[in-house]
Each structure stands twice: as C-alpha cells, then as structure tokens.
**Student:** 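Provided herewith is a single structure, encoded as structure tokens, for subsequent inquiry.
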Protein chains: 2
Amino acid sequence: MAFIKRDERLPLYRQVREEILEKISRGTWLPDTAIPTEAELTKQYGVAIGTIRKAVDTLVNDGLLYRSQGRGTFVRRPDFNTSLFRFFRQQPADGSFIVPESLILLKALQVPPAEASTALNLQANQLAIHLKRLRFLKGVVVLTEDIWLPEMLFANLVDIDSNEIGSLLYPFYEKHCGLLVASATETLTIECADDDTASALKIETGHPVAVIERLAFGFDKTPIEYRVSRGSADTFRYQIEIN
Amino acid sequence: MAFIKRDERLPLYRQVREEILEKISRGTWLPDTAIPTEAELTKQYGVAIGTIRKAVDTLVNDGLLYRSQGRGTFVRRPDFNTSLFRFFRQQPADGSFIVPESLILLKALQVPPAEASTALNLQANQLAIHLKRLRFLKGVVVLTEDIWLPEMLFANLVDIDSNEIGSLLYPFYEKHCGLLVASATETLTIECADDDTASALKIETGHPVAVIERLAFGFDKTPIEYRVSRGSADTFRYQIEIN
DNA sequence: TAGTGGTCTAGACCACAAG
DNA sequence: TTGTGGTCTAGACCACTAG
C-alpha cells in the first residue's frame, strides 16, 4: 500500500508513474538494477497489472527504464557524454561510438560569464569552478570545451588534481560529488573562430565552428553543469528523421 | 474478418497497425478525417478493444494519428513545410510560427547533381525538374533553396506557370500531382558561402552558412523530393532536449 | 442524450532467461 | 522448472463532444 503522496486528480497510472519516478530520482532504485516485478508492484500499489504496465510504459518511452523479457525491468543509467558528440564525422559511420580522449588545460575558481551565471542560477559575481579541456578522437583535436560548475555542489572537486579526472566527467561527478545528470538541453549555433579557438582546433581564425551549449540538470531539475563545446564546422554533420 | 494481408508471426496489435497504416497510405482514410471508432474496429478485425487501442497507440505515438476525446481518432495531415525552418532566429521566440514568403527564381528540366540523382533513385543523366527559390521572413531573405523533383511523378508540374505556385510546396504537390509527403530525413552541415549563395543571402562570400539537405518520402517510402536549403549561420539556432 | 475516447480491472496464455 | 515481461481478452465506468 503505498502511495506516499497521491494527487487524486491524476489518473491512477500517472500516480504510479510519479511514485516510480520518485524512487528513481531519490536513488532508492539504482541505475542498472531491476525494479520490483509487475506482480510485486501490483500488490504494493493495489492496482491492476494493466495499470502498472501503462505507468511503466510511459517511463520506458521516456527512456528512464528499459525492459528485458524474462529478466525484469531496469533503471537506465543516463549517459550524455555522447549526445551531440556523435555528430562529428570522426566517428565511425557504422553507428558504433568511440569514447573521445580528453586533456584538461585549466581548473580554476573564476567569475563565470553572464550566460553561465544565469543558466546555473548563480548570484552576480559568485565564483564557479571553470574547467577548460580539449577532446580528441584518434589523436586529432575535435572539440574545445569550457565547463562551469557551481562551487557549492562541487566542493569536493576543488582540491582534486586534474590528472585524476578521467575522460568522462559525468561518472566522475556521480562518484565524487553524488551528482547524477538526468536531463539536458543543448543549443547548436554557428560562429567564426576567435584566435584562441582557432589555434586550439588547428584551424584558421575566422573559420566557422559549430558551438554546442549544454545545460545539464539533476533529477530534481536543478542545473548542475553549463558547458560550451566548439568544433570545426568542416567535420560537423547532424542528421534527423521526421515522421 | 478483414485482415487483407496478415503476417501470422507478428503480434495481433502489430498486424492491426499494419492494416491501419495501409488504409492511410493508400488514401482510403484521408487526412483530417476520423477513422472508424474503436468499437467499430473491434468488430472489423475481430480482436479485443485493448488490442485495437494498443495498435492505435503506436500510430498516435508515431504522429500518424491523433485522438480527440469525445470526437474520434483522426489521420494527421503531415506538414514538413515548417521543420528546420523554425530554427532560424527570425521566427518569434514565443513558439508561434510565421509562414515564410517565397519567390521562385527558376523552373527548368535539368540534369541533377549526383547527390540529387542518387537520392531520388534516378538513372545517370536522367532529367529532373529543378526549382530555385528564395524564402523570406518579414521581407528579409532567410534561405535559398534548390529543389529537385523526378519528372515522372511531377509531369503535371512541367507546364504550370511559376506564379501559380504558392508559398508552400507540399500542399501544391498533393493537389496537382497527388503526392503526399509522409516522412523525411534532414541533414545539417555547415559550409562557406560561394558567390551565388552570398549574393542571394546578402552576405559576404566565404561567410558560414547552415546547409539543410532534405529528402522527402511518400507513404510507400519512395523518394519524392530532394531539397537543399542554405541560410546564413548568423541566424541559425537549433535547440534539443535530451532525457 | 448518444457516441466517442480515457481509464481501469482481473484474469489468461505465451516467449524468454536463468538456475 | 520458475519467474519474468509480452500479448490478449471481455468486459466496466468515466469525461468529453456534439447535436
């Protein structure tokens, strides 16, 4: 029995959905582990199995859970380390994905630019952790990245040596700061390379670059990370199917 | 009852889905009109209402149908005249959408470039209808477009005066050539403007432009139209949510 | 008021995975 | 063999739309 908070106005299957969502976001049910079986949930919530299935359906559809026939239903581990990265042409065309290498150039406490400050809901002039890094595929520089992190959330990161940080930041955030990225918005624009970007990417100043601005959120929708990535426009290719 | 072609290996709800898809693509059920009620379909196909609902669910999810409580379930009229266009910043930020004006510069029978020829499954050197046009928002040029159409499908279009073609091509294709666009793939890349593009868009040669290449298909997956649109990179902005 | 889709129930049998 | 999710049935009542 078991509705912690139920909004009577909502359909039953939506209420169940909210309950499950709560379990995932609070970490009661962990990524890559099975949630209770449908029969179990039926008992716990006192609703029919069809209702449980419909609730789980919506979460599977949203990508938060995945089902495996005969084994169970599992919490998906979110992974945004890939995302728009796959649209740079150094990636193999067969759909497989190479994890890009990474070199951190800077880790410092600085005043973030206005966009970052606004995105992260910081006070004016409030300091944030600034990471600059380069990302490589097969030894070739593909992206420059500027990353801004709220100091309160990432206090543990201040004293860590840059070399201890691996290629993928999100698993690192989770392990050292207890922060799990659950969703993000990305905005793609195009600009001309300034001197710094050009020399980092080994292109000419003024050459067009694709700019990917990402704001990543936790399960509770608080902004966790603001990131701007830049790559040469030559290698950029984004494909979409419309139905 | 009523299965025209049934693939016994598929689940019932998938078979029903295929049947409905067939009705839509053959034009038996027309856009913006209601399909039979769930009770009716239950009788026609001799399956339970839950199965009908599941089949319809998948089609609603794919955007081919939409439901309206108390009224019925309807065939969606596809509309790709918008799509990536909405990502140019001249569009109002409030989510509303202005239909761009359009000026046709050229209509001619020509040998298409290799990409167009391949995309449309044409023989080498086979002629196709070439349209060139400019598209405006609030009187400002936003896009140049090169459109290639297979002559066999668009025979009716050859003798039509350019001025009779309105701002939106897809409704025109449907009315005059009986061709309904059902899906499309779009690929976004970035290049530097050549002289022609630059003068059309009123930018400098070499200035970066966003290139949107679209291949549009009918319900039977035959390619109908190949289109390349170019707009100044300054005004381009594409946003995406990841969950 | 009649007809539609929206929600919900309480079962059933099947296909698949794992021990 | 046991337990899981995948499919399917045959109803029920509700909320909304339109005449």
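Within every chain, numbering begins at 1; the chains are lettered A, B, ... in the order of the sequence lines, protein sequences first and strands thereafter.
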**Student:** Just how far, in rounded Å, is C1' of C:dT4 from NZ of B:Lys43?
**Tutor:**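 Checked: the NZ to C1' distance equals 14 Å.
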**Student:** What's the closest nucleotide to the A:Ile49 side chain, out of D:dC8, C:dT9, C:dG11?
**Tutor:**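 Side chain of A:Ile49 sits closest to C:dG11.
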**Student:** Whole-Å distance between C:dG11 C1' and A:Glu38 CD?
**Tutor:**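 It works out to 14 Å between those atoms.
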**Student:** To the nearest Å, give me how far apart CG (A:Leu59) and C1' (D:dG5) are.
**Tutor:**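 One finds 16 Å between C1' of D:dG5 and CG of A:Leu59, rounded.
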**Student:** Side chains of B:Leu59 and B:Thr73, heavy atoms from C-beta outward: is any pair under 4.5 Å?
**Tutor:**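 They are not in side-chain contact.
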**Student:** Select one nucleotide: of C:dG5, C:dA10, D:dT9, the one nearest the side-chain heavy atoms of B:Thr51.
**Tutor:**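 Of C:dG5, C:dA10, D:dT9, D:dT9 is nearest to the side chain of B:Thr51.
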**Student:** Find the distance A:Leu12:CG to C:dA10:P and express it as a whole number of Å.
**Tutor:**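 In whole Å, C:dA10 P lies 11 Å from A:Leu12 CG.
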**Student:** The side chain of B:Arg53 is closest to which nucleotide in this list: C:dC8, C:dG6, C:dT9?
**Tutor:**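 Among the listed nucleotides, the one closest to the side chain of B:Arg53 is C:dG6.
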**Student:** Start with the C-alpha gap between B:Asn121 and B:Thr222, add the side-chain angles, then the distance that decides, and say whether side-chain contact (heavy atoms from CB on, under 4.5 Å) holds.
**Tutor:** CA-CA 9 Å; B:Asn121 289 333; B:Thr222 50; over 6 Å; no
**Student:** Using the rule side-chain hydrogen bond (donor to acceptor under 3.5 Å, both in side chains), only one of B:Arg214, B:Arg135, B:Arg133, B:Glu145 pairs with B:Ser229; which is it?
**Tutor:**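 Single pass found, and it is B:Glu145.
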**Student:** Rounded to whole Å, how long is the line connecting atom CG of B:Leu65 with atom P of C:dG5?
**Tutor:**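 Atom-to-atom, B:Leu65 to C:dG5, this comes out as 11 Å.
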**Student:** Taking only N and O in the side chain of A:Lys54, is any of them less than 4.0 Å away from OP1 or OP2 of C:dT7?
**Tutor:**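 Answer is yes, contact under 4.0 Å.
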**Student:** Looking at A:Thr73, I'd like to know whether one of its side-chain N or O atoms comes within less than 4.0 Å of OP1 or OP2 on D:dG5.
**Tutor:**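 Yes, such a contact exists.
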**Student:** For B:Val16 and B:Leu41: C-alpha separation, side-chain torsions, deciding distance, then whether side-chain contact (heavy atoms from CB on, under 4.5 Å) applies.
**Tutor:** CA-CA 9 Å; B:Val16 172; B:Leu41 291 172; over 6 Å; no
**Student:** Now, which nucleotide makes the Watson-Crick or G-U wobble pair with D:dG19, with each of the two distances under 3.5 Å?
**Tutor:**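 For D:dG19, the partner nucleotide comes out as none, under the 3.5 Å rule.
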**Student:** Carefully, step by step, assess B:Phe172 and B:Ile160 under the rule side-chain contact (heavy atoms from CB on, under 4.5 Å).
**Tutor:** CA-CA 11 Å; B:Phe172 190 87; B:Ile160 287 176; 3.8 Å; yes
**Student:** Of B:Gly70 and B:Gly50, whose nearest nucleotide on DNA chain D comes first from the 5' end?
**Tutor:**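 Its nearest nucleotide being more 5', the pick is B:Gly50.
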**Student:** Could you check how far CD of A:Gln69 sits from P of D:dG5, rounded to whole Å?
**Tutor:**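 For the pair A:Gln69 CD and D:dG5 P, the rounded distance is 10 Å.
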**Student:** Starting from the 5' end of DNA chain C, give me the residue, B:Ser68 or A:Arg71, whose nearest nucleotide shows up first.
**Tutor:**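 This one resolves to B:Ser68.
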**Student:** Let me know the distance between CD1 of B:Ile52 and P of D:dG11, rounded to the nearest Å.
**Tutor:**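 To the nearest whole Å, that distance equals 16 Å.
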**Student:** Whole angstroms only, please: what is the CZ-C1' distance between B:Arg14 and C:dA15?
**Tutor:**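 Answer to the nearest Å: 17 Å.
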**Student:** From the options D:dG5, D:dT9, C:dG11, select the nucleotide whose nearest atom is closest to the side chain of B:Val47.
**Tutor:**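 My answer, after comparing the listed nucleotides, is D:dT9.
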